[in-house]
Structures are given as C-alpha cells and as structure tokens.
2 protein chains.
Amino acid sequence: MKLQKSSLVDIVMDRIKAYISENKMQPGDKFLTEKELTEKLNVSRTVVREAIISLQSVGILTIKPGGGMYIANAQVEGIRNILTHHFETYGLKVKELLEIRKILELGALRLIIENNIDVDADRLTKLNKKYEAGIYTDTDMKTVDADFHRQLIKEANNEAFFNLSTIINQYFSLTNIDLTTDEQGLLASAKEHQNIIEALINKDLVTAQDTMTTHFKPIFMWINQEGRND
Amino acid sequence: MKLQKSSLVDIVMDRIKAYISENKMQPGDKFLTEKELTEKLNVSRTVVREAIISLQSVGILTIKPGGGMYIANAQVEGIRNILTHHFETYGLKVKELLEIRKILELGALRLIIENNIDVDADRLTKLNKKYEAGIYTDTDMKTVDADFHRQLIKEANNEAFFNLSTIINQYFSLTNIDLTTDEQGLLASAKEHQNIIEALINKDLVTAQDTMTTHFKPIFMWINQEGRND
DNA sequence: GGTTATAATATTGTCAGACCAATTTTATAT
DNA sequence: ATATAAAATTGGTCTGACAATATTATAACC
C-alpha cells in the first residue's frame, strides 16, 4: 500500500467533498465561490481551481462561467467519460460487454419475479408495439429496442442497478454493432419481447430467462461467426 | 440537449485523450511533460495543468512530482472515487447493492457453465479451506470470503465483467454490514462454497445458482429483518 | 572501468497578480 | 413598476516567479 504525500490539490478536493457531504448538499444546490474557497481553505486560487475543475470532470461539481458553481446532478456522466476513454484507447471486447448485458437483463427478470413485482405490462407492451411498428417504417430499431429493455430494467425497481445498466448500455452504444436483421428476425424479436412480458406477468422465471437467452442468441452468433473480439 | 461552449481546458483534455488513443499509449508509459504540452498545444501552463490534473483525477494519467507524467494503470480507481463520494453524500441502499452482487455472481456461474469453462477447482477449494480454517482462528472472515468470490468471478474469464464486479464489491465494502455469524452459519457457508465448486465441475447451472441463492439468503434476511434501507 | 557522492538540470507544485469574458446585481431613467 | 444601463461578482486564461522533487551529468574515488 503506497501512501504518497498528498498534494495540496488532493487535500483541497477531499475537503470540498467532505464539505458537500457534511452539509448534505443536493444536486442543483449552489456551491461556494472560488473566492470563498480560497479564503476558507487558505490556499491560492490556483490550487482551488485545479481542485474544482477536477471535481467537475468527475461529475461532482458543475461550473457556470460567471455564475458560480453548483452541485452536479448527473453522477453517471463522469463514469461514462472514463469508460468512453478506456474504450477508445484500449478497445473493448464486444463479447465481454454483451455477456454483461445479458447477465444484467437476466438479473432484472430474476429481481422482478423474486421480489414479486407486478410489472407495468401495458407500458412494456406499448413499447413493444412501437418496436413492431418500426419494422415497417423508417425507424432506428436500435433505439426502440433499447427503450424496451431500458424499461424492463426499470421495472426491477432498483435504482443503483438501473444506473449501472444505463452506464453499460451507453458504453455498449459506442461499439458499432450492426444489427440490420431481416424482417423475419425483427418479428421474432418482437414476439420474444411479448413472451417475456407474459412470463413476467405469470411470474415464470425460467420461461422469462429462457426467452431472454433466445433473444440474445442471434447477436452472440453474429459476434462469434465473424470472429469479432474487439 | 445543451451543448455549452467548451472551455479551453475541456478542449485540451480531449486533445490529450486523443493523443493517448492515437499513439496507443499503454499503462505505465511515460507521457509528455507540461512544457511539451504547452508548446504542442499552444496554451498556457495554467490550462495544461488544470487539464492534466483533471485527467489524473479520473484515472487516466499519473503525475509524479518532479518526475513527469505517466499513463495510469488503475482504470478502476477513478470510478471508485466517484462512487465513494456518491455513497458518502447521498447514501446508498444496501439492499439494492446486495441484489446487484447477487445478480453478478449468479451471472458468473452462468458464464462459466454456458461457455463450458473448466474452473480451477484446486484454487477455489484452497481458498475455501482458508475460509474454513479462519472460522476457528482470529481471521477477518470478510476478507477470506471476498477472496473466494473474487476468484469465482475471475473464473468467468471476462475481464470487463471482473472489473465491474470489483468496483461493486469495493463500493460494497464501504457499507458496514456486520456478518458476525455464529460458527454454525459460517460452516454452512463453507459447505455452500464447496457445493458451488462441485456444481461448476459438473456443469450444473441450476444447482450452482440455487446454492448461491441459498448462500445469499442469510444476509438478505439480516437486511430485511432490521429494516435497513440505507 | 565501475561505483559512489555531488552538482546541475529538468519537472511538477504552489503562489501572486493581472486582464478578459460571462453573469448577476445594482443603480438609473422612463 | 418596468426597462435599460452601469457596476460588481465570478469564472477563464495568461505570465512570471520560486519551491520541492526527480533525473541526469559530473567528479572523485577505489
């Protein structure tokens, strides 16, 4: 365990974070000004600025030029930026990510059923109808499909889980997976969507997960077939 | 969608990230110096410094005072810091996190079996033996248990998944869940560990997942019983 | 020649002051 | 009371300086 002497900037960052915690500041709240921070912390404006800009880049503060600083409300954004860079630099194994997505979606189904949650079947069905209709019109199928799955995960009623899935999906959207399936494949997907809804209504975990597994199968085949590893 | 005018610092951050990507720099590689960056990008040292310190805080660069800058190797650290702050400020629903952990571990089991992976049973058994031995000695059971589960997830052979789980577990370790179970409960856990190993060897997904579900049951009960929601 | 101690250099850390740009607040006029 | 203009506040960028630390070059020694 290496504990190198912390720089002033690090100390100031910690103190600012502590201040936010201690005062229970909420997203959107107005924060102190640079001047107030320099006086309160007894450091130069340079140090304060390097600290607050770092805090902005990790999604803790929002800086409005001329208008002060505020507690940021999008905690997800900072993480997304990190993942995005990591993806662009080191590449990303699409298969690994796809496996994670599958795990999360299967997990959502399990949560819903094990916690005996009554899903909003109407809403899910409506989203799937949109998906169906999109097959015959000029629609971005990727988006309507994502909407359905997003709602599915939301039904699990676990905010942290939902946020995690959101990040993964955004990360996933960076990869250029081309899912231009034929009409038949898309219709099959729509049917699978509907079957999943019904399985959830019937609290039938096995059927729900099996159907979801089937739903994922084509894209896994696509990946394996062309030997895409990154 | 608000796209505010990017500050110079943001631009410089992007250009630095792009430089890292384009040159395919790897963790540990020596990066440019502040001086080189100011000359190459034609901005003041102030801007460069605010940019690189931000990049350090998100875990992309490592700055060694007096010794230059390097490509960071701990991609997880930046995310962990964000989550830690989020936890300290907004609290965290233990139950939600626990559900995520369960989902991930069940997912690991599925990955191992569906991908027909032969787990390193010896290694897992050895870790579990350590767990067993720890019951009767002065050992931090939390750590030895974590070691076992960590290895389990590693066996799934999905690096992105492993990293994700690591983050969740570190986040999880922030909560003070006290699992001081009695000797009988710990012995049962050890037995469950062993049963999971055997189920993996036999490629029996249902048994593996059922056992894991049982393994999680006590802690879920502990949470529900005392009505802990945060 | 190789090793070690020392000095010189390079690099990051912090500070101070200045000026610009954007925003907010205050004063003024209608 | 409202609209406009002026002033003050606040963040954005630049320059120059010096300190602290790490690296490199040099000198001395065996």
Side-chain angles (χ1 to χ4, degrees), chain A residues 2-17 19-20 23 25 27-74 77-78, chain B residues 2-17 19-20 23 25 27-74 77-78:
Chain A
K2 53 172 179 187
L3 54 149
Q4 55 186 352
K5 187 163 52 177
S6 293
S7 71
L8 248 182
V9 174
D10 289 329
I11 295 171
V12 168
M13 280 181 68
D14 283 341
R15 291 199 56 179
I16 291 176
K17 285 195 285 189
Y19 181 89
I20 294 174
N23 293 68
M25 304 194 80
D29 287 356
K30 187 141 182 25
F31 192 60
L32 306 176
T33 66
E34 288 184 0
K35 193 161 177 288
E36 289 170 327
L37 283 175
T38 57
E39 288 164 357
K40 193 186 282 280
L41 300 176
N42 260 311
V43 291
S44 70
R45 193 180 161 211
T46 307
V47 170
V48 166
R49 276 193 59 79
E50 290 181 355
I52 62 177
I53 288 192
S54 288
L55 290 175
Q56 180 184 46
S57 72
V58 299
I60 290 175
L61 286 180
T62 296
I63 304 176
K64 223 171 101 187
M69 299 186 277
Y70 298 82
I71 307 295
N73 43 20
E77 199 61 18
Chain B
K2 56 173 177 188
L3 53 150
Q4 54 186 353
K5 185 165 50 179
S6 293
S7 71
L8 247 183
V9 174
D10 289 329
I11 295 171
V12 168
M13 281 181 68
D14 284 340
R15 291 200 58 180
I16 291 176
K17 286 195 283 188
Y19 181 89
I20 294 173
N23 292 69
M25 303 193 80
D29 287 357
K30 187 139 182 25
F31 192 59
L32 307 176
T33 65
E34 290 182 1
K35 193 161 178 287
E36 289 169 326
L37 283 174
T38 57
E39 289 165 357
K40 193 185 282 281
L41 301 176
N42 260 310
V43 292
S44 69
R45 196 181 156 211
T46 307
V47 170
V48 166
R49 277 192 59 79
E50 290 180 356
I52 63 177
I53 289 190
S54 289
L55 290 174
Q56 180 184 44
S57 72
V58 299
I60 290 176
L61 287 179
T62 296
I63 305 177
K64 229 170 97 187
M69 299 185 277
Y70 298 81
I71 307 296
N73 43 20
E77 200 61 19

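So that the names make sense, note that chain A is the first sequence line, chain B the second, and so on, each numbered from 1. Because the structure is a prediction, the values reported are computed rather than measured. Values below: every heavy atom of this structure, side chains too, minus hydrogens, waters and symmetry copies.
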Should the heavy atoms of other residues, nucleotides or ligands under 6.0 Å from NZ of Lys30(A) be counted, would the total exceed 12?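 Atom NZ in Lys30(A) is packed in, count exceeds 12.
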
Show your working on side chain to side chain contact (heavy atoms under 4.5 Å, CB included) between Leu61(B) and Ile20(B) and close with a plain yes or no. CA-CA 10 Å; Leu61(B) 287 179; Ile20(B) 294 173; 4.2 Å; yes

Once each nucleotide of nucleotides 8-17 of chain D is scored for protein heavy atoms under 4.0 Å, what B/S/- sequence comes out, 5' to 3'? --BBBBBB-B

With sequence neighbours excluded, residues passing ring pair (Phe, Tyr, Trp, His ring centres under 6.0 Å) with Tyr70(A):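 Partners of Tyr70(A) by the ring pair (Phe, Tyr, Trp, His ring centres under 6.0 Å) criterion come out as none, since no residue qualifies.
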
For Arg45(A), run the salt bridge (charged side-chain N to carboxylate O under 4.0 Å, His left out) check against Glu34(A), Glu39(A), Glu50(A) and tell me which one passes.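 Answer after filtering Glu34(A), Glu39(A), Glu50(A): Glu34(A).
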
Mind checking whether Met69(A) and Leu37(A) have side chains closer than 4.5 Å, heavy atoms only?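 Yes. Closest side-chain heavy atoms under 4.5 Å.
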
